[in-house]
Every structure is written in structure tokens, then in C-alpha cells.
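Counting from 1, the numbers follow the sequence of the chain as shown.
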Amino acid sequence: MNADVCCAFPLLQMLEFQKKHEETHRYIMLGTTANRTQSLNYGCIVAKADTQEVLHYVEKPGTFVSDIINCGIYLFSPSIFEHIAEVFKRNQQDLQLEENSSWQRTEVIRLEQDIFTALAGRGQLYVYKTDGFWSQIKSAGSAIYASRLYLDQYHVTHPERLAHNKAGAPVILGNVYVHPTANVDPTAVLGPNVSIGMGVTIGAGVRVRESIILHGAVLQDHSCVLNTIVGWDSSIGRWARVEGTPSDPNPNDPYAKIDSETLFREGKLTPSITILGCNVSIPAEVVILNSIVLPHKELSRSFKNQIIL
């Protein structure tokens, strides 16, 4: 698996798909559908409609190839190492033939470009297409979107993990996770898409939406936290507002994926979610907007569109 993806991980379904065709389906890759424009940012798969055999594979093509993209989740039989060994040996031979070749280049074996491209069209590589959720996590901003996807999944598969409205408890809107050790005032309003970590303290009248509050953080009375990741043991003062800008995919396109935003655009910080590192202290009655605050900072005023080192 690639480490930078979130997904429903249909591993059992992939295994069942492989076992149905055990003689031929030795290598399975997970695929999903993207829109035509965004597919160029991923590995693209051309598959046979009836058998799902991968006929052609191109990593980040320059022009449109296919709207089926590689999810970075694979199921291989151990014989995959034979193909990796072939690439290694070929690289070693190239090194001997080319006087100016770098030894570092021969040590690098790229799974997508070196292995999949060679296996495509040989009746060995197949794609299992999933309709479940999938997203890359290339930036901190995409972490909140990934959290939303997992909370939506919990709503279907493990509703008992989510908080619910009840007497003497905070108001819950949508999908919210609250750790059992968190201390949340009953006048607080949480959600949608909120995750509250271990030992968090949330005061009276606090509003939290589309945010992740990590363990030990303190949100004092009447503070407002929107589209933000609050780091471990950080503190937000009374009546302070901490807010970011979401970077969600197009909600009107069912195949849209989250874009990998660059940190800077035209010399300015790209508006994104606000991130407070660990042990950050935000004073009362200030506004922190679209900013990144590094750990162990004690702020004394409002900030907007800044990285606070």
C-alpha cells in the first residue's frame, strides 16, 4: 500500500476477486474512477471490459488515457519478486554498458513505471475497481477531508463509535467522534466532521466544525474553531476565532478528487486550513485565519494568511 491514501480498503473483496481467477490473476491493483482532467495526475489504467485485465498502464500521462486511476493498493503473489529481480538485473546490465550511468539510478526500482508498465498486456496484471471512497493525502488540508470520509464510513459501519445527541450532552451536528476521556461542556456545539481526541477540554459555548482536535488541547469558553487542526496540548483563549479555508473536491462532480495545492501561489500563502502545532497558545479575543503556527508558540495578536515560525 501507498502510505498517503485514505480508503475503505476493500482488501477482502480484492482477495475474493483474485481467488476466483487464481490461475491468471496473480497481481491485482485497486482502481477507481476520476474525472478526465484530474486523471492526468495519477497512474492511468486501460483495462479489458470483461476480464479487467490491465492492457496498458501510464504513470501521470501528458494527455488523456483513461479515467480509471491507480489507488496505490495492491495484492501480489510472491512471484512479483521475480519481476523486480528482472528489472534489477537489467539495470545492472545497463550500468555496465553505459560508462556515465549513475549507480544510484540502477538501485532505484519504480513499481509503477518499471513493473506495471512491463506487466500490462501480458495477462498477469488485473484491476479491481472500487466504488467506495478513496482520496490521496498530500497535504495537511486533505487530512480534514480524509477525516470526513472516515467519519462517514463509521456512520454506516460503526455508528456506535460516533457521538449522539442526548440530555445533558453537547449538541451534535452530523458525524462527530468524541474520545471517552474528553471533557465537553453541554452548551458546546460540535460538527459536522469533528474528531475530539483524548483528554481534550472544551468549554461553555464553544463551536467546532470541520476540525480535528488532538489530545490534551483546551478550547476555552465561547471560542470558535472552523476548518482547523489543533495540535496536542494547545490552548485557544476565550472568544478567540481560529478558522481555515477548506480545500474540498468539487461536490457537484461524483468523480472529483482533492487537488494537491502548493503551499505558495504567486508568492503568497495559499488559503487552506489553519494548523496549530503542539503546545501553541492562542490568546483571548483574537482571530487566526488561514495560518500555520509551528509548535511551542505563544501568540499575542491576530494573524491572517501567515506561517508563524
### Task
Determine, step by step, whether Thr37 and Asn35 satisfy the side-chain hydrogen bond (donor to acceptor under 3.5 Å, both in side chains) criterion, reporting the C-alpha distance in whole Å, the side-chain angles of both residues, the deciding distance to 0.1 Å, and the verdict.
CA-CA 6 Å; Thr37 303; Asn35 63 39; 4.7 Å; no
Does any N or O in the side chain of [X] come within less than 3.5 Å of the main-chain N or O of [Y], such that one atom is a donor and the other an acceptor?
| X | Y | value |
| --- | --- | --- |
| Thr181 | Met198 | no |
| Ser211 | Thr228 | yes |
| Trp134 | Cys71 | yes |
| Ser142 | Ala140 | no |
| His56 | Ser66 | no |

Table please: side-chain donor-acceptor pairs of residues 4-21 below 3.5 Å, with sequence neighbours left out.
from	atom 1	to	atom 2	distance (Å)
Asp4	OD2	Lys138	NZ	2.7
Gln18	NE2	His25	O	3.1

Can you find a pair of side-chain heavy atoms, one from [X] and one from [Y], that are under 4.5 Å apart?
| X | Y | answer |
| --- | --- | --- |
| Pro192 | Asn175 | no |
| Ser147 | Asn193 | yes |
| Val87 | Ile115 | yes |
| Pro249 | Tyr145 | yes |
| Ile69 | Lys257 | yes |
| Leu219 | Thr201 | no |
| Tyr27 | Met29 | no |
| His83 | Gln124 | yes |

### Message
Considering only residues two or more places apart or on different chains, which pairs with a residue in residues 25-54 satisfy salt bridge (Lys or Arg N to Asp or Glu O under 4.0 Å)?
### Response
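Residue pairs with at least one partner in residues 25-54: Lys48-Glu53.
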### salt bridge (Lys or Arg N to Asp or Glu O under 4.0 Å) contacts touching residues 150-178 (sequence neighbours left out)
none
Taking all non-hydrogen atoms of both residues, which atom of [X] and which atom of [Y] are closest, and how far apart?
| X | Y | answer |
| --- | --- | --- |
| Gly203 | Ala188 | O-CB, 4.0 Å |
| Asn70 | Tyr74 | ND2-OH, 2.8 Å |
| Asn250 | Asn252 | OD1-N, 2.9 Å |
| Gly31 | Ile68 | CA-CG2, 4.4 Å |
| Gly168 | Pro186 | O-CB, 3.6 Å |

Is there a path from [X] to [Y] through hydrophobic residues (I, L, V, M, F, W, Y) whose side chains come within less than 4.5 Å of each other?
| X | Y | result |
| --- | --- | --- |
| Leu190 | Val200 | yes |
| Ile28 | Val46 | no |
| Tyr150 | Met1 | yes |
| Leu111 | Val127 | yes |
| Val194 | Leu276 | yes |

### Query
Going by atom types only, do Ser272 and Thr270 share a side-chain donor-acceptor pair under 3.5 Å?
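Side chains of Ser272 and Thr270: no pair found under 3.5 Å.
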Rounded distance [0.5 Å steps], [atom1] in [X] versus [atom2] in [Y]:
| X | Y | atom1 | atom2 | answer |
| --- | --- | --- | --- | --- |
| Arg90 | Ile109 | CZ | CD1 | 9.5 Å |
| Ile275 | Ile229 | CD1 | CD1 | 5.5 Å |
| Ile45 | Ser39 | CD1 | OG | 11.0 Å |
| His222 | Asp185 | NE2 | CG | 8.5 Å |
| Ile196 | Ile213 | CD1 | CD1 | 5.0 Å |
| Asp248 | Asn227 | CG | CG | 7.5 Å |

Residues clustered with [X], ILVMFWY side-chain links under 4.5 angstrom:
| X | value |
| --- | --- |
| Leu162 | Leu151, Tyr154, Tyr177 |
| Leu173 | Val171, Val189 |
| Val218 | none |

### Task
Look at the aromatic rings of Tyr57 and Phe116 and report parallel, tilted or perpendicular, splitting at 30° and 60°.
perpendicular
### Task
State which residues pass side-chain contact (heavy atoms from CB on, under 4.5 Å) with Phe81; sequence neighbours excluded, sorted by chain then number.
Ile84
### For Lys60, all residues meeting side-chain contact (heavy atoms from CB on, under 4.5 Å), sequence neighbours excluded
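In terms of side-chain contact (heavy atoms from CB on, under 4.5 Å), with neighbours along the sequence ignored, Lys60 is linked to no residue.
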### Under the salt bridge (Lys or Arg N to Asp or Glu O under 4.0 Å) test, residues paired with Asp114 that sit two or more places apart
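If we apply the salt bridge (Lys or Arg N to Asp or Glu O under 4.0 Å) test to Asp114, skipping adjacent residues, the hits are Arg110.
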### Query
Does Asp221 have any salt bridge (Lys or Arg N to Asp or Glu O under 4.0 Å) partners at least two apart in sequence or in another chain, and if so, which?
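Partners of Asp221 under the salt bridge (Lys or Arg N to Asp or Glu O under 4.0 Å) test: none.
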Give the table of side-chain donor-acceptor pairs shorter than 3.5 Å for residues 235-244, with sequence neighbours excluded, one pair per line with atom names and distance.
from	atom 1	to	atom 2	distance (Å)
Ser235	OG	Gln220	NE2	3.4
Arg241	NE	Glu243	OE1	2.9
Arg241	NH2	Glu243	OE1	3.2

Please set out all donor-acceptor pairs under 3.5 angstrom arising from side-chain atoms of residues 277-300, sequence neighbours excluded.
from	atom 1	to	atom 2	distance (Å)
Asn290	OD1	Thr245	N	3.1
Asn290	OD1	Thr245	OG1	2.8
Asn290	ND2	Thr245	OG1	3.3
Asn290	ND2	Asn305	OD1	3.2
Ser291	OG	Leu289	O	2.9
Ser291	OG	Asn305	N	3.4
Ser291	OG	Gln306	N	3.2
Ser291	OG	Gln306	O	3.4
Lys297	NZ	Leu309	O	2.6

